[in-house]
There are 2 protein chains.
Amino acid sequence: MEFRKRPGGRSARVRDAVRQATLAELVERGYTGLTVDNVAERSGVHKTTVYRRWGSVEGLISDALELARDEPWPIPDTGSVESDLRGIVQLVRTGFDDPELGPVSSAFVAAAMQDPAAARALHDFFAARHEQSAEVVRRAIERGELPDVVDPNEVIRVAVAPVYYRLFVAHEPVSEDDADRAADAALAAARAGVL
Amino acid sequence: MEFRKRPGGRSARVRDAVRQATLAELVERGYTGLTVDNVAERSGVHKTTVYRRWGSVEGLISDALELARDEPWPIPDTGSVESDLRGIVQLVRTGFDDPELGPVSSAFVAAAMQDPAAARALHDFFAARHEQSAEVVRRAIERGELPDVVDPNEVIRVAVAPVYYRLFVAHEPVSEDDADRAADAALAAARAGVL
DNA sequence: CTCCAAAAACTACTCCAGTTGCATTTGTGA
DNA sequence: TCACAAATGCAACTGGAGTAGTTTTTGGAG
């Protein structure tokens, strides 16, 4: 007895084809240009099947989001919190600049704003990201660089928030200096013991 | 000779009716439920007219956004930067909690993520907000509470960013304490001279 | 190898956002 | 007051997103 289908089965092939097509379409046309019909055609899967298993464009994105959540990302470990934090914020910034990652990541944020399921998926995604990133703060506390009263996750949030704010709320450009400044600000607040 | 139509003319009546209907629909159904047809029916204006003058749902929202930009909002003046900043951030937080303002404001953010014109309108909106809010920082500098090297607008951005980040990116709840902490963090960074 | 339940494909629809061409109304300037 | 240009109203249409019912394929269990 088994509780999971074979990885090479038809369903698995369909799932992979649709996921790959979704990402490719997102890169080419962005979130506003993403349609179930296009994904179906590109993947070679019939559109009724896509509707039955994913339900909607937001469902496709939620699915991609769950995949992205489990992928670990390269947390820096330079020896100092300052450069670690800067590294993380720059990673966020350059991620949205990237011609492949950018449209996909932006789509995640956009979709979550319109669909509760996508919002939950994005919430979990960021919870995982925060947990991973907070490691640089925990290390800093161990090294005595920061007081042990600080909340590591909160430091991460405050560090990356200005980048997201500029990109998705105020719609201002984000320079390398802007990102560094955001990281430095979070660090200064942490040192002052307010985070 | 005149370069503007009479305020009581038919066009002006249509414009006002559509604007009011847009806001009412946003409050009742939110951004995802906003359709040109519904706005047309509620306003008593034919849908063709709405399409011709506003073009799309995002056009309706951009229009509402331009109106909101010019409305000044109550910047606190308590005598200390700390409570002024906290007041501003709480104003943001409670604004999105408000059953009337919340859906409208959220719609602005959501629409700007999908339509370049709405994005530009929102950019201008926030530029105006920053400029107004920065007054509390400028006063603090004059009083000697903050070093005069700090960028007032940047302090505001860093102060409010975590609230927007939680609401629209990470999709986490935002408590009163969270808002205060964000304001305090920005202030600590400003005092340290990194903003 | 055979059979069967589940999943996918296919066909043919419905429904609604958005468009087009034309008729009608309106307010404004002469 | 009157005539005209601009704006609105109207009705009919187009196209694509999403659905329903049915048939076909597939992979695995016995």
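Throughout, a chain's letter reflects where its sequence line sits, starting with A, and its residues are numbered from 1.
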Report each atom pair, protein N/O against N/O of nucleotides 18-22 of chain D, whose distance is under 3.5 angstrom.
{"from": "D/dG18", "atom 1": "OP2", "to": "A/Y51", "atom 2": "OH", "distance (Å)": "2.9"}
{"from": "D/dG18", "atom 1": "O5'", "to": "A/Y51", "atom 2": "OH", "distance (Å)": "3.4"}
{"from": "D/dG18", "atom 1": "N7", "to": "A/K47", "atom 2": "NZ", "distance (Å)": "2.8"}
{"from": "D/dG18", "atom 1": "O6", "to": "A/K47", "atom 2": "NZ", "distance (Å)": "3.2"}

Starting from P on C/dA9, measure out to CZ on A/R53 and report it in whole angstrom. 10 Å
Specify the separation, in whole Å, of atom CD of B/E58 and atom C1' of C/dA17. 12 Å
Tell me the interatomic distance from B/L60, atom CG, to C/dG18, atom C1', rounded to whole angstroms. 13 Å
Just compare C/dA7, C/dC10, D/dT8 and give me whichever is closest to any side-chain atom of A/H46. C/dC10
Any donor-acceptor pair under 3.5 Å linking the side-chain atoms of A/N38 with those of A/T35? yes
How many whole angstroms separate atom CZ of A/R10 from atom P of C/dA7? 10 Å
Are A/R166 and B/E154 close enough, and set up right, to give a salt bridge (charged side-chain N to carboxylate O under 4.0 Å, His left out), and what steps lead you there? CA-CA 11 Å; A/R166 284 182 129 101; B/E154 186 67 8; 3.4 Å; yes
Taking atom P of C/dC10 as reference, at what distance in whole Å does atom CD of A/E41 sit? 13 Å
So which heavy atom on B/A40 is nearest to which on B/V50, and how close? CB-CG2, 4.1 Å
Taking the six-membered ring for Trp, is the centroid-to-centroid distance between B/Y164 and B/F96 below 6.0 Å? yes
B/R15 CZ to C/dT26 C1', in whole Å, measures 16 Å
B/S11 vs D/dT8: side-chain N/O to OP1/OP2 distance below 4.0 Å: yes
At under 4.0 Å, does any side-chain N or O of B/R13 touch on OP1 or OP2 of C/dT26? no
